[in-house]
Amino acid sequence: MPRTERGYRCSSCGWTTVAYVGRCPGCQAWNTLEPFAEAPRGTAASRRPGAAAPAASLVRLGDVEGDTAERHATAIPEFDRVLGGGIVPGSLILVGGDPGIGKSTLMLQAAASLARGGLRVACICGEESPRQVRMRAERLGVADAPVDLIADPSLDAALAAAESAGVDVLVVDSIQSVTVEGLESRAGGPAQLAEAGARLLAFAKGTGTATLVTGHVTKGGEVAGPKLLEHLVDVVLYFESAEGGVLRLLRAVKNRFGATDELGLFEMTGAGLQSVENASAAFLAPHAPGASGCAITAVIEGSRPLAVEVQALAVPSALAAPRRIAAGIEPARLHLLLAVLARRGGIPAGALDIVASVSGGLRLRDTSADLAICLALASAIHDRPLPAGTAFLGELALSGAVRPVHQASRRLAELARLGLRGAVVPAGTPAIEGLQLTRVASLADALERVGLSGLPVRAVPHHDALQQPQRGEQADQ
Ligand code: TYD
Ligand code: MG
């Protein structure tokens, strides 16, 4: 009977040996050798499946230990919200975003808050010197928090220090700035990132340390950026700024311990990031009374309803193919809604340049804002304002039918809380206190209720609106 082969195999290049060595002579990587034991070739095919391989054990689902570990709450309300209630011990969390968006600021604030709460917290600061971190901490008013700094650029040395200090939470700022020794490629390169990610994962799982890692989104080529690590980590959060202003959106795109699509809202102030809890107020632009092209709606972002304003502008175009510019609205959706508005609402955009955007820099991701977008467009095309204090909810079918939206009552409750007086909603929407509902079955119906139907088609300078070929339209984002 042929003997089973045993030995060690390099997990990165596949080199094998019978005796363990720390560094693989094949690819020079450290600590990549793993033990293996396998039957010689030729025997596997003739073997009954599962007969000779050591059997894995079965565990009944109900017997598996549940999530008994307490989460570490950061006491930063919007950060905890996005994390699903706090940081789970042993989890690996990636915080990505453009340079300068506020990743280091948030990490330092969270680290200080956790350390003040009695946890042992260390930061590997690869981006900045301890002196710079100290200056930032002073600005943030957290310089007295018992946070340990590790300034060694070698990841292995830093992790060894963190492990021997027995930290509960480790912050790595940033993954692009630490190096894994023994790899040929430069710091921040794909091979370095993948290896550093794997080491951090092994560290987090092996020691039970909650590990927060920041990563820059590389402009254009995202391969070498945090995208490379998304499959590996437990939680992926992305930081975005809304319209380049002071608002910062922290979005969970993956969360093994909570809901994805959760949105955290911050404001960048002179003293760091402040949680914005009344989110709707931040997104509702101060209203210019009597402005045309503005329609309020409510969307569901993660677990909360948010009121936003859709804004549209229509101006005579100087181009043969008028422009359609959308910010926060899918260009394809804008085109579709313009087609519905022309055909079902009798309001063609024709030779007008159309600009549509969403207040606060939010991206609309569901179709519940269709009616609001269409009415904002209609209002802009006719240059007549919509009724003040009224919001619009509803998805539009190509037939012009207004379809119901999910979680309508939560959206309406938020609109009522903000002091709106009425809402135009799909037929069948249940009544809600404090809001006068106007139920409509179709777009034409809605246009009539707001006084935008039966108006003469707005004179357009170049072409007859309905005969204008729409093929050459350009969608800009
Ligand atoms: P930072 O956290 O360094 O960004 P990242 O780590 O994502 O690259 O944030 C830097 C920006 O934030 C910088 O432009 C200055 C600004 N900022 C404030 O406005 N207030 C503050 O209290 C701090 C610390 C930074
Ligand atoms: Mg930084």
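Order of appearance sets the numbers: ligands from 1, and atoms from 1 within every ligand.
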Protein residue, atom and distance nearest to atom 22 (O) of ligand 1, heavy-atom basis: Gly272 N, 2.8 Å
Among protein heavy atoms, which lies nearest atom 8 (O) of ligand 1, and at what distance? Gly100 N, 2.6 Å
Quick check on the Mg ion (ligand 2): does Ser104 put an N/O/S atom closer than 2.8 Å to it? yes
Determine whether the side chain, the backbone, both or neither of Ala271 has a heavy atom under 4.0 Å from any heavy atom of ligand 1. backbone
What is the closest protein heavy atom to atom 6 (O) of ligand 1, and at what distance does it sit? Ser104 OG, 2.6 Å
Using a strict 4.0 Å cut-off to heavy atoms of Thr269, name the atoms of ligand 1 that fall inside it. 18 (C), 19 (O), 20 (N), 21 (C), 22 (O)
Identify which of Ile101, Thr105, Asp98 has a heavy atom lying nearest to atom 2 (O) of ligand 1. Thr105
Restricting to non-hydrogen atoms, name the atom on Pro322 and the atom on Ala351 that form the minimum distance, rounded to 0.1 Å. CG-CA, 3.7 Å
Under a 3.5 Å cutoff, is there a donor and acceptor pairing between the side chains of Glu414 and Ser280? yes
Would you check if there is a donor-acceptor pair between the side chains of Thr211 and Thr209 at a distance under 3.5 Å? no
Any heavy atom of Pro99 under 4.0 Å from ligand 1? The part involved is backbone
Strictly distance-based, threshold 3.5 Å: is any side-chain N or O of Gln311 a donor or acceptor partner for the main-chain N or O of Ser357? no
Can you find a side-chain donor-acceptor pair between Ser91 and Asp234 that sits under 3.5 Å? no
List the closest protein heavy-atom neighbour of atom 4 (O) of ligand 1: residue, atom name, distance to the nearest 0.1 Å. Gly102 N, 3.1 Å
Report the nearest protein non-hydrogen atom to atom 12 (O) of ligand 1: residue, atom name, distance rounded to 0.1 Å. Met268 CE, 3.1 Å
Can you name the atoms of ligand 1, numbered from 1 with element, that are less than 4.0 Å from a heavy atom of Leu140? 22 (O), 24 (C)
Evaluate salt bridge (Lys or Arg N to Asp or Glu O under 4.0 Å) for Arg199 paired with Asp156, printing each intermediate quantity in order. CA-CA 8 Å; Arg199 302 261 167 120; Asp156 288 332; 2.6 Å; yes
Looking at atom 15 (C) of ligand 1, what's its closest protein heavy atom, distance included? Arg139 NH1, 4.9 Å
Write out the residue and atom name of the closest protein heavy atom to atom 3 (O) of ligand 1, then the distance separating them to 0.1 Å. Arg136 NH2, 3.0 Å
When you measure from the side chain of Ser379 to the backbone N and O of Arg384, does any donor-acceptor pair fall under 3.5 Å? yes
Below 4.5 Å, heavy atoms only, C-beta onward: do Thr214 and Met107 meet side chain to side chain? yes
Between Glu240 and Arg251, is there a salt bridge with N-O shorter than 4.0 Å? yes
